[in-house]
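Heads up: the structure comes next, in structure tokens.
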Amino acid sequence: MAASSSSTFSSCAFIISCVLLFTGSSYLSSSVVEAQTTPPLVKGLSWSFYKSNCANLEKIVRDQLKIVFKKDIVQAAGLLRLHFHDCFVQGCDGSVLLDGSASGPGEKSAAPNLSLRAEAFKIINDLRARVHKACGRVVSCSDITALAARDAVYLSGGPDYKIPLGRKDGLNFATTEATENNLPAFFSNASVLISDLKAKNLDITDLVALSGGHTIGRAGCTSFTERLYPTQDKTMDPKFAANLKLTCPKTDTTNTTVLDIRTPNVFDNKYYTDLVNRQGLFTSDQDLFVNTNTRPIVNSFAANQTLFFEKFVFSMIKMGQLSVLTGAQGEIRANCSARNPSKLSSSYLSSVVDEEINGETEAF
């Protein structure tokens, strides 16, 4: 198992926060046929939002991410997590991308976000620069983040699917308190998680489906050692626990381990097989099988990967519309990490785009 710095995982106190994808040196693609039943669209979003002013948007994003993932597939997890962290706090408005300001620290500085990959932020801003270079400043950072998360799933072997676009970027970031209160904790049981997601109009099927993102990734020891020490969690398979103790001999060990012991490099339904066999890593994972309300869904996904993919896509599209800004709301940032100046000149836009494209070699 690879070691990680303590700063990366010691503050990793939330479900999505602890996921780091690792699938070797090359990306995977899925043969899943594009087909889906979708939730209702929020007013202002559209399946063809950029058809007239940035028709090549999705190709630009996917082609560049193929290059990024071929070089370093671990970046895919960072992009998927970024979308989750954005949407669960203040809605899918790109506020997680903002740096702090005189008004206070940004969402990046909150404990659950300290483990977000720095490279993920750079990739989003690089994608934004490429898109704006090709189309002008017409595509929001929040839309680019949503597209990047979708492609992170697909290029890791998961389903391909369309997502509605038309989000605007928020003008403000959430407070540290709001950020911490809105990201579900990895130590929470299923009942707490059901309640947390219900507050966001996400149901128990959404909860179980979105948790399936843990079919890929890695986690730091400190995010689950409370299940090992001082008393071993009785819901954990003894052999699984014994192997984890080899990787994490102490509660403060900085090593990492995979989230899915069966196919850690592939986005599939084996995460649910792990849960059925009492081999879920987090309390928030394993309790989905312990809880009588969520267990039937776990069993159905473990038995039917196509069903899981369908429900995962549905839930991702649903989550991706949480409290979105559209129309005259918000803005389209010229730099994903900062609000636009009050008077955004064309020379400023040109300098931002040229700077980031020319500096791309430093980003990776």
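Because the structure is a prediction, the values reported are computed rather than measured.
The side-chain heavy atoms of Arg62 and Tyr154, taken from C-beta on, include a pair separated by under 4.5 Å. Within the 4.5 Å cutoff, side-chain heavy atoms of Ser211 are placed close to those of Tyr271. The side-chain heavy atoms of Arg333 and Ser140, taken from C-beta on, include no pair separated by under 4.5 Å. Between Asp93 and Asp169, every side-chain heavy-atom pair lies at or beyond the 4.5 Å cut-off. Residues Phe49 and Pro164 are not in side-chain contact: their nearest non-hydrogen atoms beyond the backbone lie 4.5 Å or more apart. Contact check for Thr294 versus Ile194: side-chain heavy atoms found under the 4.5 Å cut-off. Contact of the Thr215 side chain with the Leu259 side chain is not registered, since no non-hydrogen atoms from C-beta on lie closer than 4.5 Å. Using a 4.5 Å cut-off on side-chain heavy atoms (C-beta onward), Leu183 and Asn113 make contact.
The neighbour count for Lys168 NZ, taken as heavy atoms of other residues, nucleotides or ligands under 6.0 Å away, is above 12.
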Discussion item. For a side chain to side chain donor-acceptor pair (under 3.5 Å) check, start with the C-alpha distance between Asn335 and Asn125, then their side-chain angles and the critical distance, and finish with the verdict.
Written reply: CA-CA 7 Å; Asn335 181 336; Asn125 226 6; 3.0 Å; yes
Practice prompt. Show your working on side chain to side chain donor-acceptor pair (under 3.5 Å) between Thr256 and Arg218 and close with a plain yes or no.
Written response: CA-CA 6 Å; Thr256 69; Arg218 300 185 71 87; 2.9 Å; yes
Item to complete: Evaluate the criterion side chain to side chain contact (heavy atoms under 4.5 Å, CB included) for residue pair Asn56 and Tyr50; output intermediate values, then yes/no.
Response: CA-CA 9 Å; Asn56 289 328; Tyr50 297 106; over 6 Å; no
Item to complete: Take Asp268 and Thr263 through the side chain to side chain donor-acceptor pair (under 3.5 Å) test and state the conclusion after the steps.
Response: CA-CA 8 Å; Asp268 58 15; Thr263 54; 2.6 Å; yes
Fill in: Worked verdict on Asn182 versus Lys200 for side chain to side chain donor-acceptor pair (under 3.5 Å)
CA-CA 10 Å; Asn182 279 279; Lys200 299 184 183 301; 2.8 Å; yes
Worksheet entry | Arg81/Arg117 under side chain to side chain contact (heavy atoms under 4.5 Å, CB included): CA gap, chis, key distance, verdict | CA-CA 9 Å; Arg81 293 171 59 224; Arg117 296 185 63 84; 4.2 Å; yes
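A salt bridge links Lys108 to Asp99: at least one charged side-chain nitrogen sits closer than 4.0 Å to a carboxylate oxygen. Remark: Asp233 engages Arg227 in a salt bridge, criterion side-chain N to carboxylate O under 4.0 Å. For the pair Lys198 and Asp203, the salt-bridge criterion is not met [side-chain N within less than 4.0 Å of a carboxylate O]. The existence of a salt bridge linking Arg262 and Asp274 is confirmed by a sub-4.0 Å separation between a basic side-chain nitrogen and an acidic carboxylate oxygen. One finds a salt bridge joining Arg150 and Glu58 here, because a Lys/Arg side-chain nitrogen approaches an Asp/Glu carboxylate oxygen to under 4.0 Å.
To the nearest 0.5 Å, atom CG of residue Leu79 and atom CG of residue Leu127 are 7.5 Å apart.
For the residue pair Asp260/His214, the side-chain donor-acceptor check at 3.5 Å is not satisfied. Side-chain contact of Glu107 with Ser95: a donor-acceptor pair under 3.5 Å is present, judged by distance alone. Using modelled atom types, one finds no donor on one side chain facing an acceptor on the other under 3.5 Å when comparing Lys270 with Gln305.
Checked options Tyr272, Phe267, Phe301; the residue passing with Phe312 is Phe267 (criterion: ring-ring contact (aromatic ring centres under 6.0 Å, His included)).
Side-chain heavy atoms closer than 4.5 Å link hydrophobic residues (I, L, V, M, F, W, Y) into clusters, and following such links, possibly through other members, connects Leu65 to Phe84.
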